[in-house]
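Small disclaimer: the values here were computed from a predicted structure and weren't measured.
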Protein chains: 2
Amino acid sequence: MDELGERKIKILDAIIRTYLETGEPVGSRTISKYTDLNLSSATIRNEMSDLEELGYIVQPHTSAGRIPSDKGYRFYVDHLLKNKDKEISDMKDFVIEHTERMENVLKQVARTLAQSTNYATMITSPKYSANKVKFIQLSQLDDNQLLAVIVMEANVVKNKIIPLEEPLDNEALLRLNVLLNSTLNGLSIPEINLATISKMKEQAGDYSDIVGIVLDAVSETLSQEELEIYTSGATNIFKYPELSDSQKASELIYTLEEKQQLATLVSDSLSDEAGTGIQVYIGNESPIQTMKDCSVVTATYELSQGVKGTVGIIGPKRMDYEKVMGSLKELTTQLDGIFKKPSQ
Amino acid sequence: MDELGERKIKILDAIIRTYLETGEPVGSRTISKYTDLNLSSATIRNEMSDLEELGYIVQPHTSAGRIPSDKGYRFYVDHLLKNKDKEISDMKDFVIEHTERMENVLKQVARTLAQSTNYATMITSPKYSANKVKFIQLSQLDDNQLLAVIVMEANVVKNKIIPLEEPLDNEALLRLNVLLNSTLNGLSIPEINLATISKMKEQAGDYSDIVGIVLDAVSETLSQEELEIYTSGATNIFKYPELSDSQKASELIYTLEEKQQLATLVSDSLSDEAGTGIQVYIGNESPIQTMKDCSVVTATYELSQGVKGTVGIIGPKRMDYEKVMGSLKELTTQLDGIFKKPSQ
DNA sequence: TATTAGCACTCCTATTTGATGAGTGCTAAC
DNA sequence: GTTAGCACTCATCAAATAGGAGTGCTAATA
């Protein structure tokens, strides 16, 4: 970091900012005019030569201007980005009806974010692992089907239909319901362990096998922990020529469409370290191979009680980091409010 | 149709089949050798000239071979396609776990179909409008929230959380449950009309306002009738050069990602006319503007009792119609079985 | 010593040119 | 009615060419 003098830093900053705008390699003459350093292009050339040797910029080919390397971007993001608190005004299109199902809210968030940033976006459903069981109910659907309804603290409702050999009588159903609720309510998923289960089976007496089936279904349902991922704006990548060739575009869009790989961005991002909850992956820093020519910025949004999700933006390396990080910060604070009301 | 003699038809057939394979304009010499007509290229040329005048084929430019026009493709699909009952063997990769939630099954179907055809695919959730209410249950979630669970005949479960001013006592809850079930069970959505509703409110007595809220919620939930559309294999279009340029690819993928426009393919397809339930849109025949360079083949799958959905394949005009239509026919019959088991 | 002007050099990009070849349309002969 | 022959068109490709942006180096300058 200190290997750079103040002047070199200014020049690097200028190079990167110019490149972010134009996407073209930037030459010494441009910098000479762009900055207020009042230096001739020749001097700039010397400095640029140094910067290249230090690995902050690279030349796509001899006699071309310079473009930032991953290291350059990294330096820019870490040290040069002024986190001027973005005018919040232009982010107010994040007014989202929060009466809808969560699924729709998340889709809408992804879409809005994609439209306002012109990058591809992703958002995951929140992880409820720390969430507690609030209410369980078994009902006799018909002679050989049982319906289990499970409600978690955050009002997330899950259903499971359980096939049955023969119908349960009313009394048994009642007993099971009481048993399930009294035992499981208030427990989070990791807290439902073998001991709890065997104790329940014991108490169920004649119906222990049914309890077994039900418990299996319940735990299966709960631990499904389906990390839903929603993406939007995949086609925005066509706005950036450096990502638009068939090969790259196809791979990238495929990754966004198939989604599983995106999950790797989540776990990393949830292990938040800095204060902001914002992570930036530049080029090969990303765990996803097909995104080596992209930058990915992820943020963690947190609802109540450790219920966390991830929202991310995928764009070219020369993305507008300032705007993106501002948008994400803004969004994550807003998301908090959106989920206050009951939703499925 | 009868404007074409037998020989012209044979030549048109040969042109189209050759073009489907190669994607290149096909010349008179190729046809002269390819067919068993034993005609010289010169004769073929004359015939091709006629075919062009009649609008079945076009020349991309002077001194290029001919490619089929939309009219040509249409003729091919309507008259030349031998519906040889495809060897079913190679379609057996449609083994799908049917224990999963329907949403996942549909996603999986779309994915599998995309992989096996190398085209983009879409599938809609089935329309349950003709489906009947099987079971309704209200439960007291906590002091000011009611949980409504509605199960339809096909075991589709819906939940709705209803905010409440003050808790209901147990007896009232019981009465409401009985009332709801006895009145609504067995009714399909269109059958729940104003008369039914006002009658229910009457019977509810003191709780008529609560019944109102519940009914609103129920009907809202039921009529949500969200036509979910799932797509897959969007990036397959990059396998066809004629669709791969940035502009077209971007528009197409956007349409597939945003999905609403795809709904227009559904309503049309549901108004089935031919016996097969398979519809083919060639180029501009499609209601979707961005698909003017594509062909779209849709099929209607029908579960029990008028519960219908649409599955479709989007590819280049020179798609393998035989294979595609075979796959769809095969798939729609198989889908029938897949949903037999309970699913959410 | 740091800066700058000047210049040769590199190499990307766009444009031109010409050769090639596939394919056609037409005419005349079979 | 069919075919051979031939002139013509036009996309495609490769090589050649010119232009220009930008560099690195050297020598002069403050």
> Which nucleotide sits closest to the side chain of B:S63: C:dT4, C:dC11, D:dT9?
D:dT9

> Could you tell me how far apart A:E24 (CD) and D:dA21 (C1') are, to the nearest whole angstrom?
11 Å

> Between B:R29 and C:dG21, is there a contact of a side-chain N or O with OP1 or OP2 at under 4.0 Å?
no

> Roughly how many Å is it from CG in B:N38 to P in D:dA4, rounded to a whole number?
12 Å

> Is A:E6 atom CD crowded by more than 12 heavy atoms from other residues, nucleotides or ligands, each under 6.0 Å away?
no

> Considering only side-chain heavy atoms of B:S40, which listed nucleotide, D:dT23, D:dA4, C:dT4, is closest?
D:dA4

> Take the protein atom CD1 of A:I67 and the nucleotide atom P of D:dG22, then report the distance between them rounded to whole Å.
14 Å

> Quick one: A:R66 CZ to D:dG22 P, roughly how many Å, whole number?
11 Å

> Rounded to whole Å, how long is the line connecting atom CD of B:E52 with atom P of C:dG25?
7 Å

> How about NZ on A:K10, more than 12 heavy atoms from neighbouring residues, nucleotides or ligands closer than 6.0 Å, or not?
no

> Relative to the ring of A:Y119, is the ring of A:Y240 parallel (under 30°), tilted (30 to 60°) or perpendicular (over 60°)?
parallel

> If you check every side-chain atom of B:M48, which of D:dT2, D:dT23, C:dT24 has the closest atom?
C:dT24

> With a cut-off of less than 4.0 Å, is there a side-chain N or O of B:S28 near OP1 or OP2 of C:dT24?
yes

> Calculate, to the nearest 0.5 Å, the distance between atoms CD1 and OG1 belonging to B:I253 and B:T231 respectively.
10.5 Å

> Grab the CG-P distance between A:L39 and C:dT3 for me, whole Å please.
7 Å

> I want to verify a distance call: between D:dC10, C:dC11, D:dA4, whose nearest atom is closest to the B:H61 side chain?
D:dC10

> Would you mind telling me which residue lines up with the more 5' stretch of DNA chain D, A:S49 or B:T43, judged by nearest nucleotide?
B:T43

> Expressed as a whole number of angstroms, how long is the span from A:D50:CG to D:dT23:P?
14 Å

> Answer yes or no: side-chain N or O of B:R45 and base N or O of C:dG25 forming a donor-acceptor pair under 3.5 Å.
yes

> Using a heavy-atom cut-off of 4.0 Å across all strands, would you classify B:T62 as base, sugar-phosphate, or nothing?
sugar-phosphate

> What is the nucleic acid contact for B:A64, judged by heavy atoms within less than 4.0 Å: base, sugar-phosphate only, or nothing?
sugar-phosphate

> Please give, in whole Å, the distance from D:dG22 P to A:I31 CD1?
10 Å

> Looking at B:K317 and B:E242, does any basic side-chain N land under 4.0 Å from a carboxylate oxygen?
no

